[in-house]
A.B. asks: 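First the structure, then my questions, so here it is.
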2 protein chains.
Amino acid sequence: MAKKSIPNPLLQLDNQLCFAVYSAGHAFNRVYKPLLERLKLTYPQYLAMLVLWEQDNVPVKDIGERLFLDSGTLTPLLKRLEAAGLIKRTRSVEDERQMLIALTAQGQALREKAKAVPQGILAASACTVGEMAAMKNDLVALRDRLNAAIGD
Amino acid sequence: MAKKSIPNPLLQLDNQLCFAVYSAGHAFNRVYKPLLERLKLTYPQYLAMLVLWEQDNVPVKDIGERLFLDSGTLTPLLKRLEAAGLIKRTRSVEDERQMLIALTAQGQALREKAKAVPQGILAASACTVGEMAAMKNDLVALRDRLNAAIGD
DNA sequence: ATTTTATATATTGCGCACAATCTAATTGTG
DNA sequence: CACAATTAGATTGTGCGCAATATATAAAAT
(Lines give C-alpha, C1' and ligand atoms only; values in the text may rest on other atoms or scores of the structure.)
Protein backbone atom coordinates (compact mmCIF):
# COMPACT_ATOMS: atom_id res chain seq x y z
CA MET A 1 0.00 0.00 0.00
CA ALA A 2 0.90 3.66 -0.06
CA LYS A 3 3.63 4.51 2.41
CA LYS A 4 3.94 7.92 4.04
CA SER A 5 7.35 9.38 4.72
CA ILE A 6 8.69 11.60 7.45
CA PRO A 7 7.69 15.05 6.21
CA ASN A 8 10.37 17.64 5.47
CA PRO A 9 8.48 20.96 5.59
CA LEU A 10 10.63 22.57 2.90
CA LEU A 11 9.86 19.74 0.47
CA GLN A 12 6.13 19.44 1.19
CA LEU A 13 3.98 20.22 -1.82
CA ASP A 14 1.44 22.24 0.13
CA ASN A 15 4.14 24.51 1.52
CA GLN A 16 5.41 25.53 -1.93
CA LEU A 17 4.57 29.05 -3.06
CA CYS A 18 5.60 28.02 -6.58
CA PHE A 19 2.96 25.29 -6.62
CA ALA A 20 0.29 27.70 -5.40
CA VAL A 21 1.20 29.97 -8.32
CA TYR A 22 1.40 27.06 -10.76
CA SER A 23 -1.93 25.55 -9.78
CA ALA A 24 -3.69 28.92 -9.60
CA GLY A 25 -2.47 29.59 -13.13
CA HIS A 26 -4.00 26.36 -14.36
CA ALA A 27 -7.23 27.11 -12.53
CA PHE A 28 -7.36 30.54 -14.22
CA ASN A 29 -6.78 28.89 -17.56
CA ARG A 30 -9.68 26.51 -17.01
CA VAL A 31 -11.99 29.38 -16.07
CA TYR A 32 -10.89 31.41 -19.10
CA LYS A 33 -11.31 28.57 -21.55
CA PRO A 34 -15.12 28.70 -21.97
CA LEU A 35 -15.09 32.52 -21.96
CA LEU A 36 -12.40 32.68 -24.63
CA GLU A 37 -13.98 29.98 -26.74
CA ARG A 38 -16.57 32.54 -27.81
CA LEU A 39 -13.73 34.73 -29.11
CA LYS A 40 -11.99 31.69 -30.64
CA LEU A 41 -8.83 32.59 -28.72
CA THR A 42 -6.51 30.63 -26.47
CA TYR A 43 -5.36 32.34 -23.30
CA PRO A 44 -1.88 33.32 -24.61
CA GLN A 45 -3.53 34.60 -27.79
CA TYR A 46 -5.88 36.68 -25.61
CA LEU A 47 -2.85 38.18 -23.85
CA ALA A 48 -1.31 39.11 -27.20
CA MET A 49 -4.58 40.76 -28.21
CA LEU A 50 -4.65 42.73 -24.93
CA VAL A 51 -1.22 44.10 -25.81
CA LEU A 52 -2.30 45.01 -29.34
CA TRP A 53 -5.54 46.63 -28.15
CA GLU A 54 -3.37 48.91 -26.03
CA GLN A 55 -0.78 49.62 -28.70
CA ASP A 56 -1.24 48.68 -32.32
CA ASN A 57 1.37 48.17 -35.03
CA VAL A 58 4.25 47.06 -32.82
CA PRO A 59 7.21 44.76 -33.50
CA VAL A 60 7.19 41.19 -32.16
CA LYS A 61 9.92 42.14 -29.71
CA ASP A 62 7.66 44.66 -27.93
CA ILE A 63 4.92 42.08 -27.49
CA GLY A 64 7.51 39.67 -26.18
CA GLU A 65 8.75 42.16 -23.61
CA ARG A 66 5.25 42.82 -22.34
CA LEU A 67 4.40 39.11 -22.08
CA PHE A 68 7.88 37.75 -21.18
CA LEU A 69 7.78 35.50 -24.25
CA ASP A 70 10.32 34.97 -27.04
CA SER A 71 9.98 34.53 -30.79
CA GLY A 72 9.93 30.76 -30.43
CA THR A 73 6.55 31.11 -28.74
CA LEU A 74 5.28 34.24 -30.44
CA THR A 75 6.05 33.53 -34.09
CA PRO A 76 3.72 30.53 -34.39
CA LEU A 77 1.11 32.15 -32.11
CA LEU A 78 1.02 35.30 -34.24
CA LYS A 79 0.84 33.24 -37.41
CA ARG A 80 -2.30 31.61 -36.01
CA LEU A 81 -3.81 35.01 -35.19
CA GLU A 82 -3.00 36.08 -38.74
CA ALA A 83 -4.60 32.94 -40.15
CA ALA A 84 -7.68 33.77 -38.06
CA GLY A 85 -7.81 37.19 -39.72
CA LEU A 86 -7.24 39.17 -36.50
CA ILE A 87 -3.81 40.66 -37.28
CA LYS A 88 -1.54 41.42 -40.20
CA ARG A 89 2.22 40.79 -40.13
CA THR A 90 4.32 43.12 -42.27
CA ARG A 91 8.04 43.69 -42.40
CA SER A 92 9.17 47.12 -41.21
CA VAL A 93 10.67 49.33 -43.91
CA GLU A 94 12.93 51.24 -41.50
CA ASP A 95 14.35 48.05 -39.98
CA GLU A 96 13.88 45.02 -42.17
CA ARG A 97 14.63 42.68 -39.28
CA GLN A 98 11.44 43.70 -37.54
CA MET A 99 8.02 42.24 -38.18
CA LEU A 100 5.28 44.74 -37.35
CA ILE A 101 2.05 43.36 -35.94
CA ALA A 102 -1.10 45.34 -36.72
CA LEU A 103 -4.74 44.64 -35.91
CA THR A 104 -7.17 44.09 -38.77
CA ALA A 105 -10.66 45.60 -38.61
CA GLN A 106 -11.80 42.21 -37.35
CA GLY A 107 -9.11 42.24 -34.68
CA GLN A 108 -10.17 45.67 -33.50
CA ALA A 109 -13.82 44.67 -33.52
CA LEU A 110 -13.10 41.67 -31.30
CA ARG A 111 -12.30 44.08 -28.48
CA GLU A 112 -16.00 44.76 -28.00
CA LYS A 113 -16.75 41.07 -27.50
CA ALA A 114 -13.77 40.79 -25.13
CA LYS A 115 -15.24 43.28 -22.70
CA ALA A 116 -17.45 40.51 -21.33
CA VAL A 117 -14.45 38.37 -20.34
CA PRO A 118 -13.17 40.26 -17.24
CA GLN A 119 -16.67 40.21 -15.75
CA GLY A 120 -16.76 36.42 -15.90
CA ILE A 121 -13.33 36.18 -14.31
CA LEU A 122 -14.21 38.55 -11.51
CA ALA A 123 -17.30 36.51 -10.74
CA ALA A 124 -15.41 33.19 -10.76
CA SER A 125 -12.59 34.48 -8.57
CA ALA A 126 -15.10 35.68 -5.97
CA CYS A 127 -12.71 38.45 -4.94
CA THR A 128 -13.30 42.11 -4.33
CA VAL A 129 -11.55 44.45 -6.74
CA GLY A 130 -9.32 45.55 -3.86
CA GLU A 131 -8.27 42.02 -2.94
CA MET A 132 -7.47 41.27 -6.57
CA ALA A 133 -5.37 44.43 -6.90
CA ALA A 134 -3.43 43.62 -3.73
CA MET A 135 -2.62 40.08 -4.84
CA LYS A 136 -1.71 41.31 -8.29
CA ASN A 137 0.74 43.84 -6.87
CA ASP A 138 2.33 41.25 -4.58
CA LEU A 139 2.70 38.81 -7.48
CA VAL A 140 4.15 41.40 -9.84
CA ALA A 141 6.69 42.37 -7.19
CA LEU A 142 7.57 38.70 -6.65
CA ARG A 143 7.83 38.10 -10.40
CA ASP A 144 10.16 41.06 -10.82
CA ARG A 145 12.40 39.85 -7.98
CA LEU A 146 12.50 36.36 -9.49
CA ASN A 147 13.33 37.70 -12.94
CA ALA A 148 16.01 39.92 -11.43
CA ALA A 149 17.56 36.88 -9.73
CA ILE A 150 17.97 34.96 -12.99
CA GLY A 151 21.17 36.47 -14.31
CA ASP A 152 23.29 35.48 -11.29
CA MET B 1 4.20 53.80 -36.07
CA ALA B 2 2.66 52.18 -33.01
CA LYS B 3 -0.70 53.64 -32.14
CA LYS B 4 -2.01 53.79 -28.59
CA SER B 5 -5.70 53.29 -27.91
CA ILE B 6 -8.06 54.72 -25.32
CA PRO B 7 -7.40 52.47 -22.34
CA ASN B 8 -10.21 50.34 -20.92
CA PRO B 9 -9.02 49.52 -17.38
CA LEU B 10 -10.65 46.09 -17.34
CA LEU B 11 -8.81 45.08 -20.51
CA GLN B 12 -5.39 46.49 -19.60
CA LEU B 13 -2.71 43.84 -19.32
CA ASP B 14 -1.15 45.30 -16.21
CA ASN B 15 -4.47 45.24 -14.38
CA GLN B 16 -4.98 41.49 -14.89
CA LEU B 17 -4.49 39.28 -11.85
CA CYS B 18 -4.41 36.31 -14.20
CA PHE B 19 -1.41 37.75 -16.03
CA ALA B 20 0.38 38.42 -12.76
CA VAL B 21 -0.13 34.75 -11.87
CA TYR B 22 0.81 33.58 -15.37
CA SER B 23 4.00 35.63 -15.57
CA ALA B 24 5.02 34.83 -11.98
CA GLY B 25 4.64 31.15 -12.84
CA HIS B 26 6.99 31.49 -15.80
CA ALA B 27 9.46 33.46 -13.69
CA PHE B 28 9.43 30.66 -11.10
CA ASN B 29 10.00 28.13 -13.83
CA ARG B 30 13.03 30.04 -15.09
CA VAL B 31 14.49 30.22 -11.57
CA TYR B 32 13.85 26.52 -10.99
CA LYS B 33 15.38 25.42 -14.26
CA PRO B 34 19.09 25.66 -13.32
CA LEU B 35 18.40 24.24 -9.84
CA LEU B 36 16.49 21.27 -11.24
CA GLU B 37 19.00 20.64 -14.00
CA ARG B 38 21.29 19.16 -11.34
CA LEU B 39 18.53 16.66 -10.51
CA LYS B 40 17.79 16.10 -14.21
CA LEU B 41 14.15 16.95 -13.57
CA THR B 42 11.71 19.33 -15.20
CA TYR B 43 9.52 21.38 -12.90
CA PRO B 44 6.37 19.21 -13.31
CA GLN B 45 8.53 16.12 -12.78
CA TYR B 46 9.85 17.73 -9.58
CA LEU B 47 6.26 18.26 -8.40
CA ALA B 48 5.48 14.59 -9.05
CA MET B 49 8.56 13.61 -7.05
CA LEU B 50 7.45 15.88 -4.18
CA VAL B 51 4.17 13.96 -4.09
CA LEU B 52 5.94 10.60 -4.12
CA TRP B 53 8.44 11.64 -1.44
CA GLU B 54 5.42 12.33 0.77
CA GLN B 55 3.53 9.18 -0.12
CA ASP B 56 5.05 6.32 -2.03
CA ASN B 57 3.35 3.57 -4.05
CA VAL B 58 0.25 5.51 -5.05
CA PRO B 59 -2.00 5.22 -8.11
CA VAL B 60 -1.69 7.78 -10.91
CA LYS B 61 -5.08 9.19 -9.95
CA ASP B 62 -3.84 10.25 -6.50
CA ILE B 63 -0.89 12.11 -8.01
CA GLY B 64 -3.27 13.76 -10.44
CA GLU B 65 -5.54 14.94 -7.64
CA ARG B 66 -2.65 16.47 -5.75
CA LEU B 67 -1.26 18.25 -8.82
CA PHE B 68 -4.55 18.96 -10.64
CA LEU B 69 -3.29 17.02 -13.66
CA ASP B 70 -4.90 14.23 -15.69
CA SER B 71 -3.55 11.04 -17.24
CA GLY B 72 -2.93 12.80 -20.54
CA THR B 73 -0.23 14.79 -18.81
CA LEU B 74 0.89 12.29 -16.19
CA THR B 75 1.20 9.10 -18.22
CA PRO B 76 4.01 10.37 -20.46
CA LEU B 77 5.63 12.30 -17.59
CA LEU B 78 5.72 9.20 -15.39
CA LYS B 79 7.06 7.10 -18.26
CA ARG B 80 9.95 9.54 -18.49
CA LEU B 81 10.60 9.28 -14.75
CA GLU B 82 10.55 5.52 -15.14
CA ALA B 83 12.96 5.69 -18.06
CA ALA B 84 15.21 7.82 -15.83
CA GLY B 85 15.18 5.05 -13.23
CA LEU B 86 13.47 7.13 -10.52
CA ILE B 87 10.15 5.27 -10.30
CA LYS B 88 8.60 1.92 -11.13
CA ARG B 89 5.10 1.57 -12.65
CA THR B 90 3.27 -1.63 -11.75
CA ARG B 91 -0.33 -2.60 -12.23
CA SER B 92 -2.32 -3.02 -9.01
CA VAL B 93 -3.45 -6.58 -8.26
CA GLU B 94 -6.53 -5.49 -6.31
CA ASP B 95 -7.71 -3.16 -9.07
CA GLU B 96 -6.18 -3.92 -12.42
CA ARG B 97 -7.22 -0.54 -13.79
CA GLN B 98 -4.81 1.21 -11.48
CA MET B 99 -1.14 1.79 -12.16
CA LEU B 100 0.81 2.07 -8.93
CA ILE B 101 3.77 4.43 -8.88
CA ALA B 102 6.62 3.55 -6.54
CA LEU B 103 9.99 5.17 -6.00
CA THR B 104 13.12 3.20 -6.82
CA ALA B 105 16.12 3.40 -4.50
CA GLN B 106 17.49 6.01 -6.89
CA GLY B 107 14.24 7.96 -6.67
CA GLN B 108 14.36 7.92 -2.88
CA ALA B 109 18.00 8.94 -2.88
CA LEU B 110 17.27 11.95 -5.07
CA ARG B 111 15.38 13.46 -2.16
CA GLU B 112 18.66 14.31 -0.45
CA LYS B 113 19.87 16.27 -3.45
CA ALA B 114 16.51 18.00 -3.68
CA LYS B 115 16.86 19.54 -0.23
CA ALA B 116 19.09 22.22 -1.77
CA VAL B 117 16.35 23.40 -4.13
CA PRO B 118 14.02 25.28 -1.75
CA GLN B 119 16.97 27.28 -0.42
CA GLY B 120 17.75 28.58 -3.88
CA ILE B 121 14.14 29.52 -4.46
CA LEU B 122 13.83 31.32 -1.15
CA ALA B 123 16.93 33.34 -1.99
CA ALA B 124 15.72 34.24 -5.49
CA SER B 125 12.26 35.25 -4.33
CA ALA B 126 13.76 37.60 -1.74
CA CYS B 127 10.74 37.08 0.52
CA THR B 128 10.51 36.38 4.20
CA VAL B 129 9.03 33.01 5.09
CA GLY B 130 6.00 34.84 6.46
CA GLU B 131 5.39 36.80 3.28
CA MET B 132 5.67 33.63 1.22
CA ALA B 133 3.21 31.79 3.45
CA ALA B 134 0.71 34.64 3.24
CA MET B 135 0.85 34.81 -0.54
CA LYS B 136 0.64 31.05 -0.79
CA ASN B 137 -2.50 30.97 1.35
CA ASP B 138 -4.14 33.73 -0.67
CA LEU B 139 -3.32 31.95 -3.92
CA VAL B 140 -4.55 28.58 -2.70
CA ALA B 141 -7.83 30.18 -1.60
CA LEU B 142 -8.14 31.89 -4.99
CA ARG B 143 -7.34 28.66 -6.83
CA ASP B 144 -9.96 26.76 -4.87
CA ARG B 145 -12.60 29.40 -5.61
CA LEU B 146 -11.70 29.32 -9.32
CA ASN B 147 -11.84 25.53 -9.42
CA ALA B 148 -15.17 25.60 -7.59
CA ALA B 149 -16.54 28.02 -10.20
CA ILE B 150 -15.74 25.72 -13.11
CA GLY B 151 -18.75 23.40 -13.04
CA ASP B 152 -21.31 26.17 -13.54
C1' DA C 1 -26.22 -13.34 -13.98
C1' DT C 2 -26.47 -10.03 -17.48
C1' DT C 3 -26.38 -5.47 -18.70
C1' DT C 4 -25.43 -0.83 -17.82
C1' DT C 5 -22.73 2.65 -15.89
C1' DA C 6 -18.68 4.43 -13.89
C1' DT C 7 -13.69 4.52 -13.23
C1' DA C 8 -8.47 4.23 -14.30
C1' DT C 9 -5.24 4.73 -17.49
C1' DA C 10 -3.51 5.25 -22.29
C1' DT C 11 -3.43 7.55 -26.81
C1' DT C 12 -3.77 11.29 -30.27
C1' DG C 13 -3.66 15.90 -31.63
C1' DC C 14 -3.01 20.82 -30.88
C1' DG C 15 -0.97 24.87 -28.75
C1' DC C 16 2.04 26.74 -25.89
C1' DA C 17 7.10 27.59 -23.57
C1' DC C 18 11.77 27.49 -24.10
C1' DA C 19 16.57 26.05 -25.40
C1' DA C 20 19.41 25.88 -29.31
C1' DT C 21 20.41 27.08 -33.76
C1' DC C 22 19.95 29.69 -38.13
C1' DT C 23 19.47 33.68 -41.29
C1' DA C 24 19.32 38.28 -42.36
C1' DA C 25 19.79 42.99 -41.21
C1' DT C 26 21.82 46.62 -38.40
C1' DT C 27 25.19 48.73 -35.49
C1' DG C 28 29.76 49.38 -33.77
C1' DT C 29 34.82 49.54 -34.34
C1' DG C 30 39.13 50.19 -36.29
C1' DC D 1 35.04 51.35 -45.91
C1' DA D 2 35.52 46.57 -44.16
C1' DC D 3 34.50 43.52 -40.65
C1' DA D 4 33.11 42.05 -36.17
C1' DA D 5 29.44 42.04 -32.94
C1' DT D 6 24.72 42.63 -31.98
C1' DT D 7 19.85 42.31 -32.83
C1' DA D 8 15.10 40.61 -34.78
C1' DG D 9 12.80 37.04 -36.01
C1' DA D 10 12.21 32.10 -37.72
C1' DT D 11 13.00 27.15 -37.12
C1' DT D 12 13.60 22.67 -34.76
C1' DG D 13 13.08 19.62 -31.01
C1' DT D 14 11.39 18.39 -26.32
C1' DG D 15 8.06 18.47 -22.62
C1' DC D 16 4.11 19.86 -20.75
C1' DG D 17 -1.37 20.65 -20.40
C1' DC D 18 -5.68 19.45 -21.90
C1' DA D 19 -9.65 17.97 -24.87
C1' DA D 20 -11.33 14.01 -27.05
C1' DT D 21 -11.31 9.37 -27.60
C1' DA D 22 -10.28 4.42 -26.70
C1' DT D 23 -9.78 0.29 -23.82
C1' DA D 24 -10.04 -2.42 -20.02
C1' DT D 25 -11.67 -3.30 -15.46
C1' DA D 26 -14.82 -2.72 -11.71
C1' DA D 27 -19.20 -1.50 -9.57
C1' DA D 28 -24.16 -0.85 -9.85
C1' DA D 29 -28.60 -1.90 -11.56
C1' DT D 30 -32.10 -4.76 -13.13
Side-chain angles (χ1 to χ4, degrees), chain A residues 18-19 22-34 36-37 40-49 58-65 67-84 87 89-101 147 150, chain B residues 18-19 21-34 36-37 40-49 58-84 87 89-101 147 150:
Chain A
C18 63
F19 177 63
Y22 169 91
S23 55
H26 290 169
F28 259 125
N29 197 30
R30 285 190 279 269
V31 173
Y32 266 103
K33 185 148 291 184
L36 293 179
E37 242 159 36
K40 297 189 178 174
L41 292 176
T42 65
Y43 178 67
Q45 289 168 6
Y46 173 68
L47 292 179
M49 293 302 287
V58 290
V60 174
K61 184 181 179 285
D62 288 22
I63 300 174
E65 282 174 358
L67 301 182
F68 304 95
L69 295 174
D70 66 6
S71 71
T73 301
L74 285 176
T75 296
L77 184 155
L78 293 170
K79 283 185 177 176
R80 280 177 214 114
L81 289 181
E82 187 176 40
I87 64 166
R89 300 161 68 248
T90 50
R91 228 158 246 296
S92 166
V93 274
E94 303 127 41
D95 185 342
E96 297 236 341
R97 292 171 303 178
Q98 292 188 339
M99 189 67 94
L100 292 176
I101 309 301
N147 278 331
I150 285 174
Chain B
C18 61
F19 178 63
V21 172
Y22 169 91
S23 55
H26 290 169
F28 259 125
N29 197 30
R30 285 190 279 268
V31 172
Y32 267 103
K33 185 148 291 183
L36 292 180
E37 242 159 38
K40 297 189 179 173
L41 292 176
T42 66
Y43 178 68
Q45 289 168 6
Y46 173 68
L47 293 180
M49 294 302 287
V58 290
V60 174
K61 184 180 180 286
D62 288 21
I63 300 174
E65 281 173 359
R66 288 296 304 278
L67 301 182
F68 304 95
L69 295 173
D70 66 6
S71 71
T73 301
L74 285 175
T75 297
L77 184 154
L78 293 170
K79 282 185 177 176
R80 280 177 212 114
L81 290 180
E82 187 177 41
I87 64 167
R89 300 160 69 247
T90 50
R91 225 157 251 293
S92 166
V93 275
E94 303 126 41
D95 184 343
E96 297 235 342
R97 293 169 303 177
Q98 292 188 338
M99 190 67 95
L100 292 177
I101 310 301
N147 278 331
I150 284 173

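In what follows, chains are A, B, ... by sequence order, proteins preceding strands, each numbered from 1.
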A.B. asks: Please set out all donor-acceptor pairs under 3.5 angstrom arising from side-chain atoms of residues 25-32 of chain B, sequence neighbours excluded.
C.D. replies:
none

A.B. asks: Just report the end-to-end axis angle for the helix from C:dA1-D:dT30 to C:dG30-D:dC1, five pairs per end, to 10 degrees.
C.D. replies: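 Helix axis angle between the two ends: 20°.
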A.B. asks: Below 4.0 Å from chain B heavy atoms, what is the first contacting nucleotide of DNA chain C and what is the last?
C.D. replies: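 First-to-last contact on DNA chain C, by the 4.0 Å heavy-atom rule, is C:dT7 to C:dC18.
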A.B. asks: Distance check needed: D:dG15 P versus B:Lys79 NZ, whole Å only.
C.D. replies: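 Atom-to-atom, B:Lys79 to D:dG15, this comes out as 14 Å.
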A.B. asks: Using the test side chain to side chain contact (heavy atoms under 4.5 Å, CB included), find all partners of A:Asp62 that sit at least two apart in sequence or belong to another chain.
C.D. replies: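 Once residues adjacent in sequence are excluded, the partners of A:Asp62 under the side chain to side chain contact (heavy atoms under 4.5 Å, CB included) criterion are A:Val58, A:Pro59.
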A.B. asks: Between P on D:dA8 and CD1 on A:Ile63, what's the gap in Å once rounded to a whole number?
C.D. replies: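 In whole Å, D:dA8 P and A:Ile63 CD1 are 14 Å from each other.
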A.B. asks: Just jot down the side-chain hydrogen bond (donor to acceptor under 3.5 Å, both in side chains) partners of B:Glu65, sequence neighbours excluded, or say none.
C.D. replies: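 Counting only residues at least two positions away or on another chain, B:Glu65 forms a side-chain hydrogen bond (donor to acceptor under 3.5 Å, both in side chains) with B:Lys61.
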A.B. asks: Round to the nearest Å and state the distance from A:Arg89 atom CZ to D:dA8 atom P.
C.D. replies: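 It is 16 Å, rounded to the nearest whole Å.
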A.B. asks: Measure from CG on A:Leu100 to P on D:dA10 and round the result to the nearest Å.
C.D. replies: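 Spelled out: CG on A:Leu100 to P on D:dA10 is 11 Å.
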A.B. asks: Show me the protein contacts with nucleotides 25-28 of chain D, counting only N or O atoms at under 3.5 Å.
C.D. replies:
| from | atom 1 | to | atom 2 | distance (Å) |
| --- | --- | --- | --- | --- |
| D:dA26 | OP1 | B:Glu96 | N | 3.1 |

A.B. asks: Minimum heavy-atom separation for A:Lys40 to A:Gln45, with atom names?
C.D. replies: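 In this case the closest contact between A:Lys40 and A:Gln45 is O-OE1, 4.1 Å.
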A.B. asks: Salt bridge (charged side-chain N to carboxylate O under 4.0 Å, His left out): which pairs involve residues 71-84 of chain B, sequence neighbours left out?
C.D. replies: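 Found B:Glu82-B:Arg89.
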A.B. asks: Considering non-hydrogen atoms only, spot the tightest contact between B:Leu77 and B:Pro44 and give its length.
C.D. replies: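 In this case the closest contact between B:Leu77 and B:Pro44 is CD1-CB, 3.7 Å.
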A.B. asks: What are the two closest non-hydrogen atoms of B:Leu78 and B:Ile87, and how far apart are they?
C.D. replies: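 Reported closest heavy-atom pair: O-CD1, 3.3 Å.
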A.B. asks: Find every protein N or O atom lying less than 3.5 Å from an N or O atom of nucleotides 3-5 of chain D, and list the pairs.
C.D. replies:
none

A.B. asks: Which pairs, protein N/O on one side and nucleotides 16-20 of chain D N/O on the other, fall under 3.5 Å?
C.D. replies:
| from | atom 1 | to | atom 2 | distance (Å) |
| --- | --- | --- | --- | --- |
| D:dC16 | OP1 | B:Thr42 | OG1 | 2.7 |
| D:dC16 | OP2 | B:Gln45 | NE2 | 2.8 |
| D:dC16 | OP2 | B:Arg80 | NH1 | 2.7 |
| D:dC16 | O5' | B:Arg80 | NH1 | 3.3 |
| D:dG17 | OP2 | A:Tyr22 | OH | 2.4 |
| D:dC18 | OP1 | A:Arg30 | NH1 | 2.8 |
| D:dC18 | N4 | B:Gly72 | O | 3.4 |

A.B. asks: Look up atom CE in B:Met49 and atom CD1 in B:Ile101, then write down how far apart they are to the nearest 0.5 Å.
C.D. replies: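 That separation rounds to 11.0 Å.
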A.B. asks: Just how far, in rounded Å, is P of D:dG15 from CG of B:Leu36?
C.D. replies: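 Result: 15 Å.
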A.B. asks: Closest heavy-atom contact between A:Leu81 and A:Ala48?
C.D. replies: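 Result for this residue pair: CD1-CB, 4.2 Å.
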A.B. asks: Residues in side chain to side chain contact (heavy atoms under 4.5 Å, CB included) with A:Asp95, at least two apart?
C.D. replies: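 Once residues adjacent in sequence are excluded, the partners of A:Asp95 under the side chain to side chain contact (heavy atoms under 4.5 Å, CB included) criterion are A:Ser92, A:Arg97, A:Gln98.
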A.B. asks: What pairs with A:Ser71 under side chain to side chain contact (heavy atoms under 4.5 Å, CB included), at least two apart in sequence or on another chain?
C.D. replies: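 Side chain to side chain contact (heavy atoms under 4.5 Å, CB included) list for A:Ser71, sorted by chain: A:Thr75.
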A.B. asks: Which value, rounded to the nearest 0.5 Å, describes the distance between B:Ile150 atom CD1 and A:Lys33 atom NZ?
C.D. replies: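 It is 10.5 Å, given to the nearest 0.5 Å.
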A.B. asks: Can you see which heavy atom on A:Leu41 is nearest to which on A:Tyr46, and at what distance?
C.D. replies: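 It is CD1-CA, 4.0 Å.
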A.B. asks: Which heavy atom in A:Leu47 sits nearest to a heavy atom in B:Tyr22, and how many Å separate them?
C.D. replies: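 Smallest interatomic distance, heavy atoms only, reads CD1-CE2, 3.5 Å.
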